[in-house]
Amino acid sequence: MVADTPVCEIKADVRALLSAERTAINFLQTLSATATNTKKYVEAIVGLSPNPNGCVVLDTRKTLPGLRQAQKYAVRIGGGENQRMALWDGILIKENHIAAAGSIRAALDAAEKLNAGVSIQIEVENLAELDEAIKVGAKNILIDNFSIEKMHKAVAINQGRALLEASGGIGIELMRAIAATGVDRISLGKLTKDVQAIDFSMRMLA
C-alpha cells in the first residue's frame with residue numbers, strides 16, 4: 001500500500017473518536033501486521049507444490065494474549081488458514097503422550113476411543129515413527145523439525161495416505177523448498193507472534 005493512502009473513513013461523535021483512537025489504532029496495526037505477514041508467507045510458495053491439492057499455510061496457537069480469534073481472522077484475510085483454535089479444538093499426540101501410552105498405536109487408539117468429534121494429529125520425530133504412524137492408520141501427521149531431505153522422503157513414504165504437516169522453527173527462507181517437497185501443510189507460529197505493527201494514524205477532517 002502506498003503511504004498516505006486512506007484505509008477507511010469514520011463518521012462519529014468527536015469525543016468518542018478521540019477517546020477510542022489509540023486502542024482502535026493499536027488493534028488495527030497489529031491485525032494488519034498479522035495479515036500482511038501471512039500474505040508474505042503464502043505468496044512465497046505460490047505454484048511451487050507438486051501436491052495435487054497444493055500446500056496450505058497455517059497458523060498455530062502462538063497468538064498474542066487476548067487476540068487469538070482476531071489474529072486468526074487476520075490470518076484468513078492474509079490468505080492463510082487456521083490450525084486448531086485451542087486445546088479443545090483438536091487432539092495433538094506428542095512424544096510424551098506416545099511414551100506414556102507405550103507406543104504410537106496405543107496413543108492413537110486411546111485418542112480415538114474418546115470419540116471427541118475433533119481431528120486427531122500425531123507428531124513424529126523421524127521417518128521410522130512416520131512409517132509406523134501410517135501403518136496404524138494415522139490420517140493427520142505432524143513432521144516436526146524434519147530436514148528438507150527427510151521431508152522429501154516422508155512424502156514418498158506417505159504416498160498421500162495421511163495429511164503431512166511440516167512445522168518447527170520455519171522461516172521465510174525455507175518456505176519454497178518445503179512447499180516443493182509436496183507436504184500438504186506448513187504451520188508457523190511466526191504468522192501471529194513475530195509481527196511488526198503497520199503504521200496507521202487517524203486524521204480529523206473539518
Side-chain angles (χ1 to χ4, degrees), residues 1-10 20-87 89-90 92 119 121 123 140-148 151-152 154-155 160 162-203:
M1 181 179 293
V2 179
D4 298 323
T5 300
V7 172
C8 64
E9 294 183 2
I10 303 170
E21 176 184 1
R22 187 68 265 158
T23 300
I25 290 176
N26 287 349
F27 196 68
L28 180 63
Q29 287 178 321
T30 300
L31 298 189
S32 294
T34 301
T36 299
N37 197 34
T38 300
K39 185 177 181 182
K40 178 177 66 175
Y41 279 87
V42 170
E43 290 184 341
I45 64 171
V46 171
L48 293 175
S49 176
N51 189 317
N53 297 316
C55 183
V56 176
V57 175
L58 296 171
D59 56 22
T60 70
R61 291 180 296 117
K62 296 176 181 177
T63 51
L64 300 178
L67 291 180
R68 177 163 295 172
Q69 292 198 33
Q71 279 199 294
K72 282 182 172 285
Y73 169 75
V75 165
R76 297 195 301 273
I77 293 299
E81 295 187 14
N82 297 148
Q83 188 41 291
R84 57 189 180 144
M85 182 64 68
L87 291 175
D89 197 30
L92 174 58
S119 65
Q121 185 179 53
E123 180 182 305
N140 190 336
I141 301 175
L142 182 68
I143 51 175
D144 191 45
N145 290 304
F146 273 40
S147 66
I148 299 299
M151 287 185 198
H152 277 288
V155 170
L163 277 176
L164 289 186
E165 179 180 325
S167 185
I170 296 170
I172 190 72
E173 71 282 355
L174 289 176
M175 290 294 290
R176 294 172 63 86
I178 293 174
T181 67
V183 297
D184 298 279
R185 317 196 302 186
I186 305 173
S187 57
L188 307 119
K190 292 178 181 293
L191 300 185
T192 51
K193 69 183 182 70
D194 294 352
V195 294
Q196 182 174 351
I198 306 297
D199 186 20
F200 286 107
S201 60
M202 187 176 77
R203 292 288 182 267

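All values below come from the heavy atoms of this structure, side chains included, with hydrogens, waters and symmetry mates left out.
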Within a radius of less than 6.0 Å around [atom1] of [X], do more than 12 heavy atoms belonging to other residues, nucleotides or ligands occur?
X: K39; atom1: NZ; result: no
X: R76; atom1: CZ; result: yes
X: E173; atom1: CD; result: yes
X: Q69; atom1: CD; result: no

Taking all non-hydrogen atoms of both residues, which atom of [X] and which atom of [Y] are closest, and how far apart?
X: T181; Y: A177; answer: CG2-O, 3.3 Å
X: I172; Y: A44; answer: CD1-CB, 3.8 Å
X: I45; Y: M175; answer: CG2-O, 3.4 Å
X: Y41; Y: G171; answer: CE2-C, 4.0 Å
X: D89; Y: R84; answer: OD2-CA, 3.5 Å
X: L67; Y: F27; answer: CD2-CE1, 3.5 Å

Quiz item: Any sub-3.5 Å donor-acceptor pair from N37's side-chain atoms to K190's backbone N or O?
Solution: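 Between the backbone of K190 and the side chain of N37 there is a qualifying donor-acceptor contact (under 3.5 Å).
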Quiz item: Who passes side-chain hydrogen bond (donor to acceptor under 3.5 Å, both in side chains) against N26, sequence neighbours left out?
Solution: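 Applying side-chain hydrogen bond (donor to acceptor under 3.5 Å, both in side chains) to N26 gives R22.
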Pairwise distance [atom1]([X]) to [atom2]([Y]) - rounded to 0.5 angstrom:
X: N140; Y: Q121; atom1: CG; atom2: CD; value: 4.0 Å
X: E165; Y: C55; atom1: CD; atom2: SG; value: 9.5 Å
X: S187; Y: D144; atom1: OG; atom2: CG; value: 8.0 Å
X: K72; Y: T60; atom1: NZ; atom2: OG1; value: 6.5 Å
X: N82; Y: T192; atom1: CG; atom2: OG1; value: 10.0 Å
X: I170; Y: L188; atom1: CD1; atom2: CG; value: 5.5 Å

Do [X] and [Y] come within less than 4.5 Å of each other through their side chains, counting heavy atoms only?
X: D59; Y: Q71; answer: no
X: R203; Y: S201; answer: yes
X: L191; Y: V57; answer: yes
X: T34; Y: Y73; answer: no
X: R61; Y: L87; answer: yes
X: I178; Y: I148; answer: yes

Quiz prompt | Passing candidate, side-chain contact (heavy atoms from CB on, under 4.5 Å) with I198, options L31, V7, T36, L28 | solution =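 Running side-chain contact (heavy atoms from CB on, under 4.5 Å) over L31, V7, T36, L28 with I198 returns exactly one hit, T36.
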